[in-house]
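Remarks on the structure that follows.
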Amino acid sequence: MEPDIVLIDMRTCQLTMAQVMEEIKRLKLEYPDHEIIMDGDAYAIVARRKQRWGAAGSP
């Protein structure tokens, strides 16, 4: 599994919540093969590659 891509470090960014939400919308378009999520451990918005499931039900 490849590592997550840190897109926005919430500890250091100066964005408002509305700006973060707009940025997430933009990032979803920029990274269509990734999930854009809030990683609570890293306290960051990250991109995680979507898993492709095979016929047997495993990636």
Side-chain angles (χ1 to χ4, degrees):
M1 177 185 279
E2 66 185 75
D4 294 344
I5 303 167
V6 175
L7 302 171
I8 303 172
D9 184 342
M10 299 302 290
R11 292 173 290 204
T12 60
C13 82
Q14 300 295 317
L15 301 174
T16 66
M17 184 56 71
Q19 290 170 324
V20 169
M21 297 306 290
E22 285 299 315
E23 192 65 13
I24 289 170
K25 287 180 189 176
R26 185 188 68 76
L27 291 166
K28 285 182 177 184
L29 296 173
E30 188 175 331
Y31 293 90
D33 57 336
H34 288 71
E35 294 178 298
I36 307 300
I37 61 169
M38 172 63 183
D39 183 331
D41 293 336
Y43 201 60
I45 305 296
V46 301
R48 181 174 293 163
R49 185 167 300 279
K50 292 179 182 177
Q51 295 291 316
R52 304 283 185 222
W53 295 92
S58 63

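Interatomic distance, CD of Glu35 versus CZ of Arg49, reported as 11.5 Å (0.5 Å rounding).
Sparse packing is recorded around CD of Gln14, with 12 or fewer heavy atoms of other residues, nucleotides or ligands lying under 6.0 Å away.
Residues Ala44 and Asp9 come closest through the heavy atom pair CB-CA, 4.1 Å. Contact between His34 and Lys50 at its shortest, heavy atoms only, is O-CE, 3.5 Å.
Taken together through direct or relayed side-chain contacts under 4.5 Å among Ile, Leu, Val, Met, Phe, Trp and Tyr, Leu27 and Met38 form part of one hydrophobic cluster. Hydrophobic clustering, with ILVMFWY side chains joined whenever heavy atoms are under 4.5 angstrom apart, keeps Ile37 apart from Leu15. Taken together through direct or relayed side-chain contacts under 4.5 Å among Ile, Leu, Val, Met, Phe, Trp and Tyr, Ile36 and Met21 form part of one hydrophobic cluster. Residue Ile45 is not grouped with residue Val6 when hydrophobic side chains (ILVMFWY) are merged at heavy-atom distances under 4.5 angstrom, including chains of intermediate members.
Evaluation of the side chain to side chain contact (heavy atoms under 4.5 Å, CB included) rule for Asp39 yields Asp4, Asp41, Ala42, Val46, Arg48 as partners, not counting sequence neighbours.
Side-chain contact between Val20 and Met10 is present, with at least one heavy-atom pair separated by less than 4.5 Å.
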